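Worksheet: the structure to be examined is printed underneath.
Protein chains get the first letters and strands the later ones, always in sequence-line order, with residue 1 at the start of each. Bear in mind that the values here come from a model prediction, so they are computed numbers and not experimental data.
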Amino acid sequence: MRDEQHIGVSAQLLAWYDLHAREMPWRVGPAARAAGVRPAPYRVWLSEVMLQQTTVAAVRDYFRRFTARWPTVEALAAAPDEAVMGEWAGLGYYARARNLLKCARVVARDHGGQFPDTYAGLIALPGIGPYTAAAIAAIAFDRAETVLDGNVERVMARLYDIHDALPGSKPVLKDHAAALTPLDRPGDHAQAVMDLGATICTPKSPACGICPLRDPCLGRARGTAPDLPRKAPKKDKPVRLGHVYLARHADGGWLMQRRPDRGLLGGMLGWPGSDWSEAPDPAPPFAAQWRELAGEVRHTFTHFHLILRIHTAELPDGPPPEGLHVVGKHAFRPSELPTVMRKAYDLWRGQ
DNA sequence: AAAACGTGGTC
DNA sequence: TGACCAAGTTT
């Protein structure tokens, strides 16, 4: 339900956004927006997928490189898998890149290169969940859908002083967010709430003094805002060990492995090696005098810490072992490796 | 429904 | 310096 209180809050928010919206490569400027220009659905989709669990600062350059290399969804759909995975390297959550390509190919093949313009049509596509479907529908197609991301959850929990912990409180927070969603400019409203959460209503030490919603905010009035939203405690991360093997040919090529299309770092290029566990068996890809580098790579994934030992040897002539291939000196680009694999290469380079 | 799934910045 | 956190989705 939407009453005068909600209308007042969303008006405040839009007024603030018109003055303080941050420049982003996927946004259209205020003047063009006022003239009714909407961002291309392809660009909205690409940016929203990149922004899943990822900061604006990290996404900017990736977005620019992707749109320069693949300006349309048809161009992206026609790209080889390895090119897209290589361009995504370093951004993390690589299932996003695999689903991005799947989605582009469905849109190109089954929808004539046009993204569906409804929540229901969008959420049926790979890699598009409730948040992203609502975001694209609102921002690209001006539909009055309500987005619920981490920012919106935090802003709603504080604005209405909701003490129930996430994720159980999601439905209540969504109801509040929906009541605020205007029929006019729903896309700008969605981006306004998220910008507010990212710049003013921050997780720690929110800037309530300069917040456009300081008057109606219950959390601020009651002093609870900085401690909201409550969340279930996180589990601690176990430590796992692993070995990787950097085999370099005299001509400068490297022995590498394309990881299987599912699971950790799925679809990405990497070094052959052991499994990652409490007590991994060393697993050199061929028999040789392997030399263990001094030092180690430490890397933290979402759910475990990894300590990686790096081994190196010269790669002999002849066909590579089963499942592996040689990446030539000029084809090898560290920037196309996931970060943990690039760290292993950096350690080798520094020896 | 809970767990898997990356990374870099921040305090 | 290590925990927390970011414009979530999939299984």
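Within the 4.0 angstrom heavy-atom criterion, only backbone atoms of the sugar-phosphate kind lie near Gly90(A); the bases stay farther away. At the heavy-atom level, Arg22(A) lies under 4.0 Å from base atoms of the strands shown. Within 4.0 Å of Arg60(A), counting heavy atoms only, lies no atom of the nucleic acid at all. Base engagement by Val56(A) is indicated by at least one non-hydrogen atom pair under 4.0 Å involving a base atom. Residue Leu91(A) is classed as a base contact, given a heavy-atom separation below 4.0 Å to a base. No engagement by Asp236(A) is indicated, since no non-hydrogen atom pair under 4.0 Å with the nucleic acid exists. Looking at heavy-atom distances under 4.0 Å, Met341(A) makes no contact with the nucleic acid at all. Among the atoms of the strands shown, base atoms are found under 4.0 Å from some heavy atom of Thr300(A).
Looking at the side chain of Lys234(A), the nearest of the listed nucleotides dG8(C), dC5(C), dG6(B) is dC5(C). Nearest to the side chain of Arg96(A), among dG6(B), dG8(C), dA3(C), sits dG6(B). Of the listed nucleotides (dT9(C), dG6(B), dA6(C)), dG6(B) has the atom at the smallest distance from the side chain of Leu265(A). Nearest to the side-chain atoms of Pro130(A) among the listed nucleotides dT7(B), dT9(C), dG6(B) stands dT9(C).
With the nearest nucleotide of DNA chain C identified for both Lys102(A) and Gln191(A), Gln191(A) has the one nearer the 5' end. Along DNA chain B, the nucleotide nearest Gln53(A) and the nucleotide nearest Ala57(A) are compared for position; the residue whose nucleotide lies closer to the 5' end is Gln53(A).
Contact annotation: Lys343(A) does not reach the phosphate of dG6(B) (side-chain N/O to OP1 or OP2, under 4.0 Å). Phosphate contact (OP1/OP2 of dT7(B), side-chain N/O of Tyr94(A), threshold under 4.0 Å): present. Look at Lys204(A) and you won't find any side-chain N or O under 4.0 angstrom from OP1 or OP2 of dC4(C). OP1 or OP2 of dT7(B) lies within a sub-4.0 Å distance of a side-chain N or O belonging to His299(A).
Side-chain N/O atoms of Glu48(A) and Tyr131(A) include a donor and acceptor closer than 3.5 Å.
The distance between the ring centers of Trp254(A) and Trp348(A) falls below 6.0 angstrom. Aromatic pair Phe301(A)/Phe304(A): centroids less than 6.0 angstrom apart.
For dG6(B), the base has a donor-acceptor partner in the side chain of Thr54(A) [N/O atoms by modelled type, under 3.5 angstrom]. Judged by atom type and distance alone, Thr55(A) does not reach the base of dG9(B) through any side-chain donor-acceptor pair under 3.5 Å. Below the 3.5 angstrom threshold, one finds no donor paired with an acceptor across the side chain of Tyr131(A) and the base of dG8(C).
Here Asp346(A) does not pair with Lys343(A) in a salt bridge; the nearest charged N to carboxylate O distance is not below 4.0 Å.
A tilted orientation is assigned to the rings of His243(A) and His311(A), their planes being inclined by 30° to 60°.
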